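Here the structure is a predicted model, which means the values were calculated and not measured. Counting begins at 1 with the first residue of the sequence. Order of listing sets the numbers, starting from 1, for every ligand and every atom in it.
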Amino acid sequence: MAIEEEMVAGEGTAVTANQTTNDTEAFENKLRPTDFSGYIGQGEVKQNLQVFLTAAKNRGEVLDHTVFYGPPGLGKTTLAMILADSMKTQLRVTSGPALEKPGDLASILSNLQEGDFLFIDEIHRLRMPVEEILYTAMEDFAIDLVIGKGPSARTMRLNVPRFTLVGATTQFSKLSNPLRDRFGHVEKLRFYEDGEIGQIITRSAGILEIKIDSEATEILARCCRRTPRIANRLLRRMRDFAEVVHDGKITKKVVIESLKNLSIDVQGLDFSDQEYLKTLCEKFNGGPAGLSTLAAAIGEDEATIEDVIEPFLIREGFMQKTPRGRMATDTAFMHLGLSELS
Ligand SMILES: Nc1ncnc2c1ncn2[C@@H]1O[C@H](COP(=O)(O)OP(=O)(O)OP(=O)(O)O)[C@@H](O)[C@H]1O
Ligand SMILES: [Mg+2]
């Protein structure tokens, strides 16, 4: 599979706590499963996609446009790559913010080969004039170009090869209705079970030739916020501690000590999560507190809070979003060892 990077995904965008940096990118690619069998969990999504792929292949058609949504690090980009690989076609990679002008997208579309996959990461961040080009491209495999300016301007329709658009977003609700309606398949990725994260750790440890025992894997799996990217990142940190401070093997003792050094608690809450919850519980008496107020109080940007911190805290029952603002639950107070203030 050839991957042509139009631009590094995420460039020019707010860097969030979970986003890849150049340092981790090489590892991410090394650990990325390249087929469905290596892709752990997300059973329903995988099953559906395999049916749709087989159906499209048997009919000699391209796969219908597909969008993946869910919090960062759950495997959206990985799935897009697996799709292109299983159709044995090229995947062109770009992202919403990278496409500044309609012409940028038009040139990518007209350079596609029949059956190619076009992956647009952060598709909710497409600019409207660019998004409008996509509408006819997705529906009619054609783009309308405006040639000239002023009264002499005319529109020319240009056919583009049949392709599959794969979109990925952490904020599905921000997709406009016309764009959302043009996707044939909408797949939501969910947080992973601890057992699945354990399997991912074992798989990654095998690839990176890291020694880790089953007890250590089990404890570590519970602290990865149910997210593969975090599992891979923590595994590498555990290896650092195991190699430098211990005898090289990751054991229960290494995991417990290292997590403490990294300020990660038993349920995988990292420093930012703990700070968020402490602020909500202690400073705001459990809420309700507005997003912008909380963001200012902990010095984090609103997008990071909404996309990275909150989905996991909500999923784990530590807080709720209500029309009046964010509210901590009893679970949060218990976790922090505070009794609810009245
Ligand atoms: N189901 C899975 N099985 C094994 N490894 C996985 C799985 N999902 C993700 N990973 C690993 O986690 C890393 C992050 O996945 P990926 O880049 O696909 O996430 P993403 O959803 O695209 O995140 P973002 O929203 O930040 O772009 C990958 O390098 C891959 O190795
Ligand atoms: Mg991605």
Side-chain angles (χ1 to χ4, degrees), residues 1 3 5-50 66-85 91 93-98 117-125 166-172 174-175 187-208 210 217 220-221 224-236 303-304 306-309 311-312:
M1 177 182 64
I3 301 165
E5 290 266 356
E6 291 302 323
M7 192 172 173
V8 178
E11 198 171 296
T13 68
V15 175
T16 62
N18 283 351
Q19 238 161 1
T20 54
T21 61
N22 285 342
D23 170 42
T24 56
E25 226 165 56
F27 269 96
E28 288 228 326
N29 290 335
K30 195 170 175 185
L31 296 177
R32 240 182 244 292
T34 51
D35 55 28
F36 283 111
S37 62
Y39 192 90
I40 291 153
Q42 309 290 355
E44 250 172 56
V45 175
K46 260 191 331 195
Q47 229 169 22
N48 288 343
L49 289 174
Q50 280 170 306
T66 304
V67 63
F68 298 122
Y69 73 99
L74 293 193
K76 300 181 290 296
T77 301
T78 308
L79 266 184
M81 291 180 171
I82 292 176
L83 282 185
D85 232 21
L91 177 74
V93 180
T94 186
S95 77
F117 279 71
L118 171 63
F119 177 58
I120 306 187
D121 212 353
E122 297 189 78
I123 195 160
H124 63 278
R125 297 188 59 196
V166 182
T169 175
T170 49
Q171 297 185 330
F172 190 59
K174 291 212 175 137
L175 242 61
E187 300 289 347
K188 177 184 177 180
L189 298 196
R190 54 168 188 79
F191 283 110
Y192 292 69
E193 298 302 328
D194 291 347
E196 294 166 344
I197 294 290
Q199 287 178 47
I200 291 173
I201 293 174
T202 306
R203 177 182 174 275
S204 301
I207 295 169
L208 299 174
I210 297 175
T217 303
L220 188 60
C224 301
R225 299 173 50 141
R226 304 180 189 270
T227 305
R229 176 177 294 141
I230 298 181
N232 287 338
R233 189 171 67 196
L234 283 183
L235 177 65
R236 290 170 57 213
T304 304
E306 274 206 293
D307 299 350
V308 182
I309 299 179
F312 177 71

Self-check item: ligand 1 N/O within reach of Gly73 N/O, cut-off under 3.5 Å
Solution: yes
Exercise. State, to 0.1 Å, how close Ala84 and Leu91 come at their nearest heavy-atom pair, and which atoms those are.
Key: CB-CB, 3.7 Å
Quiz item: If we only count N/O pairs under 3.5 Å, is Gly70 in contact with ligand 1?
Solution: no
Practice problem: Could you tell me whether the side chains of Gln171 and Asp307 share a donor-acceptor contact shorter than 3.5 Å? | Solution: yes
Quiz item: For Gly41, is at least one N or O under 3.5 Å away from an N or O on ligand 1?
Solution: no
Exercise. Could you tell me which residues satisfy ring-ring contact (aromatic ring centres under 6.0 Å, His included) with Tyr69, sequence neighbours excluded, listed by chain and number?
Key: Phe172
Quiz item: With a 3.5 Å cut-off and no angle check, do the side chains of Thr34 and Asp85 form a donor-acceptor pair?
Solution: no
Self-check item: Element-labelled atoms of ligand 1 that are located less than 4.0 Å from some non-hydrogen atom of Asn232
Solution: 11 (C), 12 (O), 31 (O)
Quiz prompt | Proximity of Phe68 to ligand 1 by residue part, where a heavy atom lies under 4.0 Å | solution = neither
Quiz item: Has Pro33 got any heavy atom lying under 4.0 angstrom from an atom of ligand 1?
Solution: yes
Exercise. Can you sort out which atoms of ligand 1 are near Pro228, meaning under 4.0 Å from one of its heavy atoms?
Key: 6 (C), 7 (C), 8 (N), 9 (C), 10 (N), 11 (C), 12 (O)
Quiz prompt | From Lys30, Arg32, Lys76 - option closest to atom 17 (O) of ligand 1 by heavy atom | solution = Arg32
Practice problem: Check for a donor-acceptor pair, side chain of Thr227 on one end and backbone N or O of Arg229 on the other, with a separation under 3.5 Å. | Solution: no
Quiz item: Quick one: which ligand 1 atoms are inside 4.0 Å of a heavy atom on Thr78?
Solution: 15 (O), 16 (P), 18 (O), 28 (C), 30 (C)
Quiz item: With a 4.5 Å heavy-atom cut-off, do Val45 and Leu189 have their side chains touching?
Solution: yes
Exercise. Among Lys46, Arg203, Arg190, Arg226, find the one that has a salt bridge (Lys or Arg N to Asp or Glu O under 4.0 Å) with Glu196.
Key: Arg190
Quiz item: Which of the atoms of ligand 1 are close to Leu74, meaning less than 4.0 Å from one of its heavy atoms?
Solution: 8 (N), 19 (O), 21 (O)
Quiz prompt | Beyond-backbone contact of Leu118 with Val166, side-chain heavy atoms, under 4.5 angstrom | solution = no
Quiz item: Has ligand 1 got any nitrogen or oxygen that is less than 3.5 angstrom from a nitrogen or oxygen of Glu28?
Solution: yes
Exercise. May I ask you to list the atoms of ligand 1 that are less than 4.0 angstrom from any heavy atom of Leu31?
Key: 31 (O)
Quiz item: Can you tell me how far the CG atom of Leu235 sits from the CG atom of Leu31, to the nearest 0.5 Å?
Solution: 8.0 Å
Quiz item: So, for Pro71 and Lys76, which heavy atoms are closest and what is the spacing to 0.1 Å?
Solution: O-NZ, 3.0 Å
Quiz item: Which atoms of ligand 1 are found less than 4.0 Å from any heavy atom of Thr77?
Solution: 17 (O), 18 (O), 20 (P), 22 (O), 27 (O)
Quiz item: How many protein N, O or S atoms sit closer than 2.8 Å to the Mg ion (ligand 2)?
Solution: 1
Practice problem: For Cys224 and Leu234, work out which heavy atoms get closest and say how close. | Solution: SG-CD1, 4.0 Å
Exercise. Heavy-atom distances under 4.0 Å are what count here, so tell me which part of Pro72 touches ligand 1: side chain, backbone, both or neither.
Key: both
Quiz item: Are more than 12 heavy atoms from other residues, nucleotides or ligands located less than 6.0 Å from atom CD of Gln50?
Solution: yes
Exercise. Please name the pair of heavy atoms, one in Phe119 and one in Ala80, separated by the smallest distance, quoted to 0.1 Å.
Key: CD1-CB, 3.5 Å
Quiz item: Does an N or O from Gly75, backbone or side chain, lie closer than 3.5 Å to an N or O of ligand 1?
Solution: yes
